[in-house]
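Heads up: the structure comes next, in structure tokens.
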Amino acid sequence: MDTTTTKLSSEEIFNLMKQFITEVIGEEFVEEMDITPESSFTKDLEMDSIEIVSFSEKIKAHFGEQIDFTGWLSSMDLDQLINLNLGMIISYIEECQS
Amino acid sequence: MPIITVNGKSVHIQELNKGAVETIVLVHGMFSNLSVYYFNIAPLLATKYHVVLYDLKSHGMSEKALEGYDLENMTNDLFALMEVLNLQKVHLGGYSFGGLIALKMAIRFPGRINKLAIIEAPDPNDDKTRGIIDEYSREFLEHYVENFTDTTKVKMGKRQMERNHRMYEYLFYQTSIKTDMKLEKDFFGSPAIETINKSTLLLYGTDSNCLNAGKHLDGMIKNVSLIAVPGDHNIPIQQPLVIAEALLNFFQEI
């Protein structure tokens, strides 16, 4: 587990998220996408729920106890999950680091 | 991704709150995966219990398999998974096809099960259940996505459509799932159901095509209660907190 305690900037978190998304859905699909902080997981990135599980696992493996990503997701209803975008995750991770 | 080997095959599992005394195992439905529980239901149950989720063979992130989709084999898989994880006795919950697997577990391995929760298990002899298995085609999937995913609010994009289509094609045309399921058509009529003596909770949608199947089980199992939750067959997605709370209350009742 490559757990890190180093505080990351929002740009570094964004790049890390992009790396995780690429690992989950594959480079060939990511190349066709313009991933931005506004990208939503279900609509723009077309990730399905089992891919979001993989993505969550990568976040957990990277940040360890530092953040409770699944706990944070579990507080959301379906509409919030559907509208979840990268920017919201970046803000959440930044909050946990502060 | 936690992957374990069960009966020589790779199985994707997720475990929450490993330190808890009692364990709940949750089984997902056909053409679905463990994510149906992962985001809302499992975290709430994990406030009190060790929760184990797994992807059935050829589903989610688990390894593909050409055969063994009848309830005997599906319960062999779950039994073997419990052996690998060293789970002696668990509370068991299953949704849809996973509900049928849970019922079969309670019949075959009663000593390994505490309480039993069945969500929207269909009668395998029901025309609609069999119709889906008989008539799959790409048109069916597109029609299904167009007309029925509104109840879960999630529209499939092109890549998802392809992924799902590939999974259906594999399961329907390369594996034994169709013939295996047809063999189970008399399951609800079998006297074995009446031998289930576990405390059992049945959760069904008020508008679900499967509600009659729930009523049927309600009449066959001795120590049982049926709760109808507003929604259709997709209640775990439509009402995850209602389902999670009903499960938590049920498993905690003494």
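Proteins get letters first, then strands, A, B, ... in listed order; numbering begins at 1 in each. Hydrogens, waters and symmetry mates play no part in the numbers below; they use all other heavy atoms, side chains included.
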Item to check | Closest non-hydrogen atom pair, A/S49 against B/N33 | outcome: OG-OD1, 4.4 Å
Checklist entry - Looking at B/N40 and A/M76, what are the two nearest heavy atoms and their distance? => result ND2-O, 3.3 Å
Checklist entry - Just how far is it from atom CE of A/M47 to atom CZ of B/R159, taken to the nearest 0.5 Å? => result 7.5 Å
Checklist entry - What's the spacing between B/Y38 OH and A/S74 OG if we round to 0.5 Å? => result 10.0 Å
Item to check | Heavy atoms from other residues, nucleotides or ligands near CD of A/E28 exceed 12 (cutoff 6.0 Å) | outcome: yes
Next on the checklist: Does anything in residues 59-69 of chain B reach chain A? List residues with heavy atoms under 4.5 Å apart, or say none.
Outcome noted: B/G60, B/M61
Checklist entry - Could you name the residues of residues 7-28 of chain B that have a heavy atom within less than 4.5 Å of a heavy atom in chain A? => result B/H12, B/Q14
Checklist entry - Does the side-chain contact (heavy atoms from CB on, under 4.5 Å) test come out yes or no for A/V53 and B/F39, once each step is laid out? => result CA-CA 8 Å; A/V53 171; B/F39 295 105; 3.9 Å; yes
Next on the checklist: Using heavy-atom distances under 4.5 Å, tell me whether A/I52 contacts chain B through its side chain, its backbone, both, or neither.
Outcome noted: both
Checklist entry - Is B/R163 paired with A/E51 through a side-chain N to carboxylate O contact shorter than 4.0 Å? => result yes
Next on the checklist: Could you work out, with side chain to side chain contact (heavy atoms under 4.5 Å, CB included) as the rule, every residue matching B/T5, not counting sequence neighbours?
Outcome noted: none
Checklist entry - Any salt bridge (charged side-chain N to carboxylate O under 4.0 Å, His left out) pairs touching residues 40-61 of chain B, not counting sequence neighbours? => result B/K57-B/D77
